[in-house]
Amino acid sequence: MSVLRLDAVRREVGDFLILDSISASIAHGERVGLVGPNGAGKTTLLRIAAGRDQPDAGRVRVAKGVRVGMLGQESNLDPSLAGARDVRHLVRSGAQEVEALEESLAEQEAAGAAAVESADYAAARERFEALDGYHLDQRVEEALSGLGIPSGDWLRPSLELSGGEQTRVALARLLVADPEVLLLDEPTNHLDVGAMEWLEVALGRRPGVLLVASHDRAFLDAVATRIWELRDRRLEHFRGAYSVYLLQREERDARQRKDAEVSAGAAAREQELIQRYRSHRKFSKMHEHERRLEQLERVEAPKRAPRLALPVTGLLGGGPARSGDMVVSLEGVVAGFGPSLHRPGRVPIVEVARLAASRGDRIGIVGPNGAGKTTLLRTIAGELAPLDGFPRLGANVQAAHLAQIRRQAFPGTTVLDAMLEAARVDMGPARSYLARFLFRGEDVFKPVSELSGGERSRLELALLGVTAANLLLLDEPTNHLDIPAREALESFLRESEATLLIVSHDRRLLESVCDRLWVVQPGTDERPGRAAAFEGSYREWRGAVAEGWTVDRELELQARRLDGRRPSSTGPSTKASTAGRSSARPAAQPVRPSKPPRAGPLSKDAYRRQVSAVEGDLTRLGLRKSQLELSLSQDPLVANYVELRRLTSELADVDAALSQAEEAWLALEERAPR
């Protein structure tokens, strides 16, 4: 039996038709993913299904007694957020019926034994138990924790939170309310990896109906059992998760294109016969074929939507130059915010003992919201001055940075103005370049202030590629992009020869593009966060985390492997991490390698990960040693005693670390899986 039904729903805005004769139904327990390009009408359809908007034609039917709840993309603007005492009470108020029953039961219990023994009390208690009222507080705390709201914020007024945090609170409130029909519009927009994984499990446990619009393909694969696709103002239905839908859609489109070719061929033959019989003045035969042509069923081939086509070369200057082998090196760097008018002291956010990126690396930067990923990327980009240490960029590195918080104003007033301001080229090349980013025809004259989130993202990408770069620093590059645009961006990044540092929560992007990760662990009140490299893919990292991998453990192993001693509890303090920060540093003391204790063979996965890490260290240290020896061989350096002493001291450190890495490699060989 259908819980929610749409019958020939039609929606227009002025002369523009958004939805045309949409008919669909959802039965109890079904989980449906709603997909389609930006502007296809997904949000409009959800609002009509929720009863927030009315269709221009058709109707929406909801089964009697069924509650419908919706999370919109702008849920942080909900007026109910302002009226709540604090976050915890706001989320708890989602279960209105449970709170009303709780109050009624308390009043009857206070009235005495006669009230407690009444039929009304028994009915209220039975309903309270059916709604799992005794576990309401537990469900509230579970939802808040699962969606990444720290316990310290539970007693704060919701208006003190950021817009993204308010949206997560609104989602928690909706999950606690647990309506029979749950409608979600881009629920993963403000969630980190842990919160997304928790939400997937929570939605999978729900017995009710779910209709969710999302561009997150991994999320759709995890939660959806059916897919609705909005295309050309019509709705098509597919069974299975998102990956299955992709195969079905390709097969259906291929079949429809073939049917369209057959139909067009049959129509062409009938037209040819009509013309032949007309020329031979055989009018009866001509009319017969005219009737056959009228009765012929016409099949239209599916329209190919325009796709984002990111150019490999820049608008100015052709392709990127070749950088040196070492592209980015961070040793003893502390990223954060310095003193300001509103902040008297320094605020360290994340400290890095040792991270490096070589030419061609594709590195994903991952970690919870607020851990310091964006701060670290901005420090590498030179937008923030480091509080300690100095990020080094290699020879001939040309960096381009796409910020997560996009700038409020672009140069110029229209899309074309912004492009012409960024690149001094003629209008023709500028328009041709913008067309690759789907700004075609009159779209180039759109005021920047009127662009949607997806259009602003495409314009940012266009401006990013004006000059070819060999180091791309991308902070949430898929924000506001629809699925076709995300797939085009992934294809571009896979084919790009540039070194990539990508901050993202898009698991499909991380898995398909990045071959290693930098993991950022959030800090505490006493100390900033920390970062460590993981030599493996996103999926391998999640598996390693499930087995107990942490940033602290990785840094401990790294310190033992390279320096032969434990790191201090206050953060990066190894000799290699202080390279270049003090010209008066004493020479490195040689470390006598101790014979490793005999241990059993490692598992294949553990062996592969550890060998990959050690080999990466050997490569990096070997490259650094070559660079230092080359610098020491240069004649002008001989007269610079301070620089000569610094380089000599660093070379001693690198030699010691290289020796330790070689010992670690030999020890691993003895523990190779048999």
Side-chain angles (χ1 to χ4, degrees), residues 148 164 168 186-200 214-222 242 308 310 328 335 350 355 357 361-381 383 399-406 453-454 456-458 460-461 464-465 469 471-496 498-522 529 531-534 536-542 545 551:
R168 280 185 277 154
E186 295 292 349
T188 62
N189 272 357
H190 302 284
L191 303 184
D192 57 27
V193 170
M196 280 190 278
E197 291 177 347
W198 179 87
L199 180 61
E200 289 168 359
S214 180
H215 294 310
D216 189 322
R217 294 150 292 173
F219 178 74
L220 290 171
D221 264 336
Y242 179 81
L308 197 67
L310 283 79
V328 177
V350 60
L355 288 173
D361 278 352
R362 300 174 179 187
I363 300 173
I365 304 178
V366 298
N369 285 334
K373 305 183 298 295
T374 293
T375 303
L376 178 60
L377 198 69
R378 291 181 64 194
T379 302
I380 296 171
E383 289 189 2
H401 180 213
L402 179 70
Q404 177 183 1
I405 301 176
R406 312 292 161 81
R456 287 181 67 90
S457 293
R458 285 192 274 116
E460 287 277 5
L461 287 171
L464 184 75
L471 172 62
L472 297 180
L473 308 172
L474 308 178
D475 197 351
E476 297 292 353
T478 58
N479 270 5
H480 307 296
L481 295 181
D482 56 23
I483 290 176
R486 292 182 183 210
E487 291 172 346
L489 178 61
E490 287 172 11
S491 177
F492 164 76
L493 293 176
R494 284 194 298 267
E495 296 171 4
S496 173
T499 303
L500 306 177
L501 292 180
I502 306 173
V503 173
S504 182
H505 293 307
D506 188 327
R507 293 164 290 177
R508 191 65 61 88
L509 172 73
L510 292 168
E511 183 63 31
S512 66
V513 173
C514 301
D515 46 31
R516 44 192 298 249
L517 303 175
W518 289 354
V519 185
V520 182
Q521 170 186 286
F534 179 84
S537 68
Y538 173 82
R539 187 173 300 174
E540 290 171 330
W541 171 60
R542 295 310 295 167
V545 168
V551 168

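Quick note: numbers below take in every heavy atom, side chains included, and nothing from hydrogens, waters or symmetry partners.
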Euclidean distance, [Y] [atom2] relative to [X] [atom1], rounded to 0.5 Å:
{"X": "Tyr538", "Y": "Ser504", "atom1": "OH", "atom2": "OG", "answer": "9.5 Å"}
{"X": "Leu402", "Y": "Asp475", "atom1": "CG", "atom2": "CG", "answer": "7.5 Å"}
{"X": "Asn189", "Y": "Met196", "atom1": "CG", "atom2": "CE", "answer": "10.0 Å"}
{"X": "Trp198", "Y": "Leu191", "atom1": "CH2", "atom2": "CG", "answer": "10.0 Å"}
{"X": "Leu376", "Y": "Trp518", "atom1": "CG", "atom2": "CH2", "answer": "6.5 Å"}
{"X": "Leu461", "Y": "Arg456", "atom1": "CG", "atom2": "CZ", "answer": "12.5 Å"}

Is there a side-chain contact between [X] and [Y] in this structure, where contact means two heavy atoms from C-beta onward sitting under 4.5 Å apart?
{"X": "Glu476", "Y": "Thr374", "result": "no"}
{"X": "Leu501", "Y": "Ile380", "result": "yes"}
{"X": "Tyr242", "Y": "Ile483", "result": "yes"}
{"X": "Leu493", "Y": "Leu474", "result": "yes"}
{"X": "Phe492", "Y": "Leu472", "result": "yes"}

With sequence neighbours left out, what residues match [X] under side chain to side chain contact (heavy atoms under 4.5 Å, CB included)?
{"X": "Glu490", "value": "Arg217, Arg494, Arg508, Leu509, Ser512, Val513"}
{"X": "Asp482", "value": "Pro37, Asn38, His215, Pro484, Ala485"}
{"X": "Ala532", "value": "Val551, Glu554, Leu555"}

Would you say [X]'s side chain and [Y]'s backbone share a donor-acceptor pair under 3.5 angstrom?
{"X": "Thr379", "Y": "Thr375", "value": "yes"}
{"X": "Lys373", "Y": "Ile502", "value": "no"}
{"X": "Ser457", "Y": "Leu481", "value": "no"}
{"X": "Asp361", "Y": "Thr499", "value": "no"}

What is the minimum heavy-atom distance between [X] and [Y], and which atoms define it?
{"X": "Gly364", "Y": "Leu510", "result": "CA-CD2, 4.0 Å"}
{"X": "Ala533", "Y": "Leu355", "result": "N-CD2, 3.6 Å"}
{"X": "Leu517", "Y": "Ser537", "result": "CD1-O, 4.1 Å"}
{"X": "Leu471", "Y": "Ala498", "result": "N-CB, 4.3 Å"}
{"X": "Leu220", "Y": "Ser214", "result": "CD1-O, 3.6 Å"}
{"X": "Gly372", "Y": "Val350", "result": "O-CG1, 3.9 Å"}

Contacts of type salt bridge (Lys or Arg N to Asp or Glu O under 4.0 Å), residue [X], not counting sequence neighbours:
{"X": "Arg542", "value": "Glu197"}
{"X": "Glu511", "value": "none"}
{"X": "Arg168", "value": "none"}

- Message: One pair to check against side-chain contact (heavy atoms from CB on, under 4.5 Å): Thr188 and His505. What are the steps and the verdict?
- Response: CA-CA 9 Å; Thr188 62; His505 293 307; over 6 Å; no

- Worked verdict on Arg507 versus Asp216 for side-chain contact (heavy atoms from CB on, under 4.5 Å): CA-CA 8 Å; Arg507 293 164 290 177; Asp216 189 322; 3.8 Å; yes

